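What follows is one structure encoded as structure tokens, with my remarks underneath.
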Amino acid sequence: MAAPRCRIDPCGVICLLLTYFSVFYADYVVVRVWCSLHGSVFNLILLLLLACHSKAVFSDPGKVPLPDTAIDFSDLRSQSTRMNERGCEGWTVCSRCETYRPPRAHHCRVCQRCIRRMDHHCPWINNCVGELNQKYFIQFLFYTGMASLYSMVLVVSAWVWRIRNERDGDAETEGEETPSKHLIVAHYIILLVESVLFGVFVMVIFYDQLISIITDESPIEQMRNRLMIKDRGASSSSPTSSSQLPHPPSHTRKPKLALLREVFGRGSVFFWFLPLHSSPPSVGGVTYSALPDYDV
């Protein structure tokens with residue numbers, strides 16, 4: 001088996017550095033300006049955030065192993081027949097990385113590998129979001145949203161407190177406009193802008209991730225199904241051609257809790273919030289052998 005290839009994506013490296021810079025800047029402001037209690041709570045959130053982020057970055061998203069030898073593509077015409085005979089329905093062949101890939105696996109152009117149940121390639125973790133690291137990615141989004149919300153509450157409450165003090169008529173404080181106060185106000189503004197931008201951004205992605213899990217459709221599959229439905233609608237005027245178009249693949253509808261357990265594990269819901277390795281559910285999960293039983 002070929003060794004896994006690690007790609008250094010310039011956009012991914014820049015996004016990684018920007019992520020860590022934003023996190024450490026927010027930590028610096030909170031610890032410097034607010035009391036030790038808020039600093040301790042905020043650092044606990046950041047510790048979980050960084051742990052989930054590192055797991056999402058360095059975990060295998062579900063790369064399909066590369067073959068030792070190239071596949072004979074002259075045999076692909078009989079692939080569908082063999083799939084039905086051997087009971088390996090859903091297996092396909094990727095012409096880019098020349099390997100058999102299991103159901104719901106897709107090729108990533110950045111990683112140059114097929115990823116099992118690929119969701120998307122995320123530059124913020126410089127890795128794909130797939131079957132094996134989607135849990136850590138969602139946890140990273142959750143704790144980033146918590147940190148952003150906590151920062152916004154601290155900044156808004158500090159501003160409200162300053163405005164109330166000024167209204168109380170402290171004449172002494174009016175002449176006390178020292179450079180340090182201007183610097184603190186600048187930190188307030190930068191931290192608030194950063195928290196709003198990152199908070200809204202990660203909450204939107206967090207919502208999309210949960211929807212894709214409970215509907216059992218990745219964004220790639222949603223886009224493919226929409227295109228297939230659009231093609232069928234455009235060809236509805238021609239009965240002969242529309243009958244030949246493939247129907248969107250239908251998944252067996254599972255309970256939403258079972259779909260969530262496939263991603264977060266079958267343990268207690270409390271462990272869903274921790275970046276711990278969790279085994280897949282005993283039933284209802286995705287199971288398949290390493291390679292289909294094909295004669296190539």
Side-chain angles (χ1 to χ4, degrees), residues 14-59 122-126 133 135-210 264 267-276 278:
I14 293 174
C15 289
L16 278 179
L17 295 177
L18 181 60
T19 299
Y20 286 112
F21 173 78
S22 302
V23 168
F24 290 123
Y25 173 76
D27 186 43
Y28 166 76
V29 175
V30 172
V31 171
R32 183 173 184 266
V33 176
W34 283 277
C35 63
S36 58
L37 176 61
H38 290 299
S40 301
V41 175
F42 192 73
N43 273 276
L44 177 61
I45 298 175
L46 293 189
L47 179 64
L48 292 169
L49 184 156
L50 294 175
C52 297
H53 185 263
S54 61
K55 292 283 285 186
V57 171
F58 297 107
S59 294
C122 180
W124 296 101
I125 63 173
N126 197 25
N133 70 340
K135 168 185 175 179
Y136 307 126
F137 178 69
I138 294 177
Q139 290 173 338
F140 163 65
L141 297 176
F142 175 76
Y143 288 115
T144 303
M146 281 190 61
S148 300
L149 180 61
Y150 199 89
S151 300
M152 285 187 282
V153 171
L154 289 178
V155 172
V156 172
S157 61
W159 244 323
V160 170
W161 181 77
R162 285 177 64 91
I163 292 174
R164 284 182 178 178
N165 283 346
E166 290 178 0
R167 284 182 179 178
D168 288 341
D170 273 345
E172 298 179 358
T173 58
E174 290 183 3
E176 260 183 42
E177 293 297 333
T178 59
S180 61
K181 286 194 173 183
H182 290 293
L183 184 61
I184 291 176
V185 172
H187 282 317
Y188 284 168
I189 297 174
I190 297 174
L191 182 60
L192 183 62
V193 172
E194 175 188 328
S195 301
V196 171
L197 291 178
F198 275 89
V200 173
F201 179 67
V202 299
M203 285 298 103
V204 171
I205 301 178
F206 179 79
Y207 174 78
D208 288 339
Q209 288 289 303
L210 291 183
F264 294 99
S268 172
V269 177
F270 174 75
F271 293 105
W272 291 7
F273 296 92
L274 300 177
L276 302 175
S278 56

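Fair warning: this is a prediction, and the values are worked out from it, not measured in the lab. Counting from 1, the numbers follow the sequence of the chain as shown.
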Report yes if some heavy atom in the side chain of [X] is under 4.5 Å from a heavy atom in the side chain of [Y]; otherwise report no.
X: Trp159; Y: Val155; value: yes
X: Leu16; Y: Trp124; value: no
X: Trp34; Y: Val29; value: yes
X: Tyr28; Y: Arg32; value: yes
X: Asn43; Y: Val30; value: no

For [Y], is there any backbone N or O sitting under 3.5 Å from a side-chain donor or acceptor partner on [X]?
X: Asp27; Y: Val23; result: no
X: Gln139; Y: Leu49; result: no
X: Ser157; Y: Leu154; result: yes
X: Lys55; Y: Phe140; result: no
X: Tyr143; Y: Phe273; result: yes

If every non-hydrogen atom of [X] is compared with every non-hydrogen atom of [Y], which pair is closest and at what distance?
X: Phe42; Y: Ser151; value: CE1-OG, 3.2 Å
X: Ser59; Y: Asn133; value: CB-CB, 4.0 Å
X: Leu46; Y: Ala147; value: CD2-CB, 4.1 Å
X: Gly39; Y: Val31; value: CA-CG2, 4.5 Å

Name every donor-acceptor pair, under 3.5 Å, that has one atom in a side chain of residues 183-205 and the other anywhere in the protein, sequence neighbours excluded.
residue, atom, partner, partner atom, Å
His187, ND1, Tyr25, OH, 2.8
Ser195, OG, Leu191, O, 2.7

How long is the straight-line distance from [atom2] of [Y] back to [atom1] of [X], given to the nearest 0.5 Å?
X: Ser268; Y: Leu274; atom1: OG; atom2: CG; answer: 9.5 Å
X: Cys52; Y: Leu276; atom1: SG; atom2: CG; answer: 9.0 Å
X: Ile45; Y: Thr144; atom1: CD1; atom2: OG1; answer: 10.5 Å
X: Leu210; Y: Ile138; atom1: CG; atom2: CD1; answer: 5.5 Å

Apply side chain to side chain donor-acceptor pair (under 3.5 Å) to His53 and Tyr20, showing your working.
CA-CA 10 Å; His53 185 263; Tyr20 286 112; 3.1 Å; yes
Aromatic plane relationship, Trp272 with Phe264 - under 30° parallel, 30 to 60° tilted, over 60° perpendicular
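Phe264 and Trp272: parallel rings.
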